[in-house]
**Q** 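There's a structure below that I have some questions on.
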Amino acid sequence: MTLGPYRLPNRLFVAPMAGVTDRPFRVLCKKLGAGYAVSEMVTSRKDLWNSLKTSRRANHEGEPAPISVQIAGTDALMMAEAAAYNIDRGAQIIDINMGCPAKKVCNKWAGSALMQDEPLALEIIEAVVAACAPRGVPVTLKMRTGWCQAEKNAVRLARAAEQAGVAMVTVHGRTREQGYTGHAEYDTIAAVKAALRIPVVANGDISSPHKARDVLAATGADALMIGRAAQGRPWIFAEIAHFLETGELLPAPRIADAKRWLIEHLHDHYTLYGELTGMRSARKHIGWAVRALPGGEEFRRHMNTLDSCEDQVRTLGDWLDALAQDHDRLPYLAQAANDEPDGVSPDNNDNSAHEERRLTA
């Protein structure tokens, strides 16, 4: 699959999630099988560009290409300027956010709220494309199926985006009204795919290899975007890729391998955020990684009492070493994230959904 001048290694993408898909997490997912990753949202407000939060989100040091940055806002000129700003800082693809359902975003008429104002949405798309095209930077769009059940306008808006020069469209199979509740539906994504010539990416509740196969079959999508299911399980991309290619499920990772990957991720995380912030923000990643393992919830509670990066790394390593005394591979509890029944996402109602709903700026 190609996107502008970039040939992607596969069609399994990491979804942009605020507070989650920072550079360390994107690098880890790409290392473990993801073919493409989009950054968490970067605000189009100039007064926040020099903030510590935005500077971290615009950090792409050592990240494998192509580097995709998602921008969010409501003003066409500001969005065009934000695109140029991020290109100057290493972005090779610009993604427009019209999918975030967070109230703090939508109350300012950004994110999925833009789907209620199609003229403004198209004005923003055209302005961003005009800013990116002379520099050879593709523009992509992430949206929902619509604002609410009664107004699903994804097909209409996607057609307009294609005509305006957007190179790829991702559709999350929920309306803004749903947030992250209920189940994703794929008929609207299939309709968008049928209406466009550019690549279409399916997103929403893709939480296992079997579900990935079924969503591809139901939508005809060119690629899949995976979000919450990758939290604590970044090797899900390799698991899905293997299943789609062979029809066979990979065994769970060896504990020794998972330990190495997770601790490398922690060190990269601390480097980006510093000691105190890094220690605190790493807690959610550790919690996600152990939640489906025996004793994981008890360990997570203990982990949240630690107050140094060194203690986190040592304690996680010791806990995984103890687990490895009885198991060679990660012993997931029954009905873990590897293969849920159709329509069931293990992350719909857990605390990770709260992290994904966090705002950018």
Side-chain angles (χ1 to χ4, degrees), residues 13-21 38 40-41 70 72 97-117 121 141-155 157-158 169-192 200-208 210-212 214-215 218-219 221 224-233 236 284-285 287-288 291-292 297 300 333 335-360:
F13 301 167
V14 186
M17 295 175 283
V20 180
T21 47
V38 183
E40 52 186 330
M41 292 182 289
Q70 185 181 81
N97 183 311
M98 292 189 188
C100 180
K103 289 183 180 179
K104 192 172 181 181
V105 176
C106 289
N107 286 345
K108 297 178 182 179
W109 289 93
S112 55
L114 286 169
M115 296 190 73
Q116 279 190 301
D117 189 341
L141 174 66
K142 189 169 191 288
M143 64 168 69
R144 293 210 157 209
T145 56
W147 177 257
C148 62
Q149 182 67 25
E151 183 56 39
K152 291 187 177 181
N153 59 338
V155 172
L157 185 56
V169 171
T170 299
V171 184
H172 183 119
R174 287 181 172 86
T175 63
R176 157 61 182 90
E177 189 177 54
Q178 283 182 269
Y180 294 99
T181 62
H183 301 310
E185 59 92 359
Y186 305 110
D187 289 346
T188 303
I189 303 176
V192 172
V200 172
V201 184
N203 175 226
D205 292 353
I206 302 168
S207 52
S208 72
H210 284 101
K211 191 63 178 286
D214 294 346
V215 171
T219 63
L224 301 174
M225 183 169 277
I226 298 159
R228 288 171 289 168
Q231 294 173 354
R233 197 186 184 93
I236 192 172
K284 61 177 176 280
H285 291 281
W288 292 329
R291 64 186 167 189
E297 182 57 28
R300 184 191 65 81
L333 298 172
Q335 212 64 66
N338 192 42
D339 194 17
E340 307 82 29
D342 285 350
V344 177
S345 170
D347 301 324
N348 275 347
N349 298 308
D350 69 11
N351 290 333
S352 64
H354 171 73
E355 293 296 337
E356 186 175 355
R357 289 194 293 267
R358 290 177 57 211
L359 177 65
T360 9

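These numbers come from a predicted model, not from an experiment. In what follows, residues are counted from 1 in the order of the sequence shown. Every heavy atom of this structure was used, including side-chain atoms; hydrogens, water molecules and symmetry mates were not.
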**Q** Thr188: what forms a side chain to side chain donor-acceptor pair (under 3.5 Å) with it, not counting sequence neighbours?
**A**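 Result, side chain to side chain donor-acceptor pair (under 3.5 Å) vs Thr188: Glu185.
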**Q** Determine whether Val38 and Met225 satisfy the following criterion, side chain to side chain contact (heavy atoms under 4.5 Å, CB included), listing intermediate values before the conclusion.
**A** CA-CA 10 Å; Val38 183; Met225 183 169 277; 4.1 Å; yes
**Q** With rounding to the nearest 0.5 Å, note down the distance linking CE in Met115 to OG1 in Thr175.
**A**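 Answer rounded to 0.5 Å: 9.5 Å.
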**Q** Where do Ala202 and Ile189 come nearest, in terms of heavy atoms and distance?
**A**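 Nearest pair, atom of Ala202 first, then Ile189: CB-CG2, 3.9 Å.
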**Q** Would you say that Gln70 contacts Pro16 through its side chain, given a criterion of any heavy-atom pair below 4.5 Å between the two side chains?
**A**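 They are in contact (side-chain heavy atoms under 4.5 Å apart), so the answer is yes.
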**Q** Closest approach of Val201 and Leu224, non-hydrogen atoms and distance?
**A** CG1-C, 3.8 Å
**Q** Would you give the length of the straight line joining atom CD1 of Ile236 to atom CD of Gln231, rounded to the nearest 0.5 angstrom?
**A**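 If I round to the nearest 0.5 Å, the distance is 11.0 Å.
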**Q** Does Phe13 have any ring pair (Phe, Tyr, Trp, His ring centres under 6.0 Å) partners at least two apart in sequence or in another chain, and if so, which?
**A**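 Scan of Phe13 (ring pair (Phe, Tyr, Trp, His ring centres under 6.0 Å), adjacent residues dropped) gives Tyr36.
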**Q** Just do the side chain to side chain contact (heavy atoms under 4.5 Å, CB included) check on Leu114 and Trp147 with the steps written out, would you?
**A** CA-CA 9 Å; Leu114 286 169; Trp147 177 257; over 6 Å; no
**Q** So how far is it from Glu297 CD to Leu333 CG, rounded to the nearest 0.5 Å?
**A** 11.0 Å
**Q** Testing the basics here: between Gly19 and Lys284, what is the closest heavy-atom pair and its distance to 0.1 Å?
**A** O-CE, 2.8 Å
**Q** To the nearest 0.5 Å, what is the distance between OG1 on Thr145 and NE2 on His172?
**A**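 One gets 8.0 Å once the value is rounded to the nearest 0.5 Å.
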**Q** Of all heavy-atom pairs between Ala15 and Gly227, which one has the smallest distance, and what is that distance?
**A** CB-CA, 3.8 Å
**Q** Would the distance check show the side chain of Asp205 and the main-chain N or O of Ala184 forming a donor-acceptor pair, the cut-off being under 3.5 Å?
**A**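 Answer holds: yes.
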**Q** Please name the pair of heavy atoms, one in Ser208 and one in Lys211, separated by the smallest distance, quoted to 0.1 Å.
**A**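 Heavy atoms of Ser208 and Lys211 come nearest at OG-N, 3.1 Å.
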**Q** Using the side chain to side chain contact (heavy atoms under 4.5 Å, CB included) criterion, which residues pair with Ala158? Sequence neighbours excluded.
**A**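 If we apply the side chain to side chain contact (heavy atoms under 4.5 Å, CB included) test to Ala158, skipping adjacent residues, the hits are Met143, Val169, Val192, Leu196.
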**Q** Within a strict 4.5 Å, meaning less than it, do heavy atoms of the Val14 and Thr21 side chains meet?
**A**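 Result yes, sub-4.5 Å side-chain heavy-atom pair found.
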**Q** Starting at CD1 of Ile206, measure out to CG of Asp214 and round the result to the nearest 0.5 Å.
**A**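 Going from the CD1 atom of Ile206 to the CG atom of Asp214 covers 10.5 Å.
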**Q** How long is the gap from CG on Asn97 to CG on Leu141, to the nearest 0.5 Å?
**A**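 Those atoms lie 9.0 Å apart.
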**Q** Grab the two heavy atoms, one from Met98 and one from Leu157, that are nearest each other, plus how far apart they are.
**A**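 For Met98 and Leu157, the tightest heavy-atom pair comes out as SD-CD2, 4.2 Å.
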**Q** Are Arg144 and Tyr180 in a cation-pi setup, meaning NZ or CZ lies under 6.0 angstrom from the ring centre and within 45 degrees of the ring axis?
**A**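 Yes; both conditions hold, so Arg144 lies above the ring face of Tyr180.
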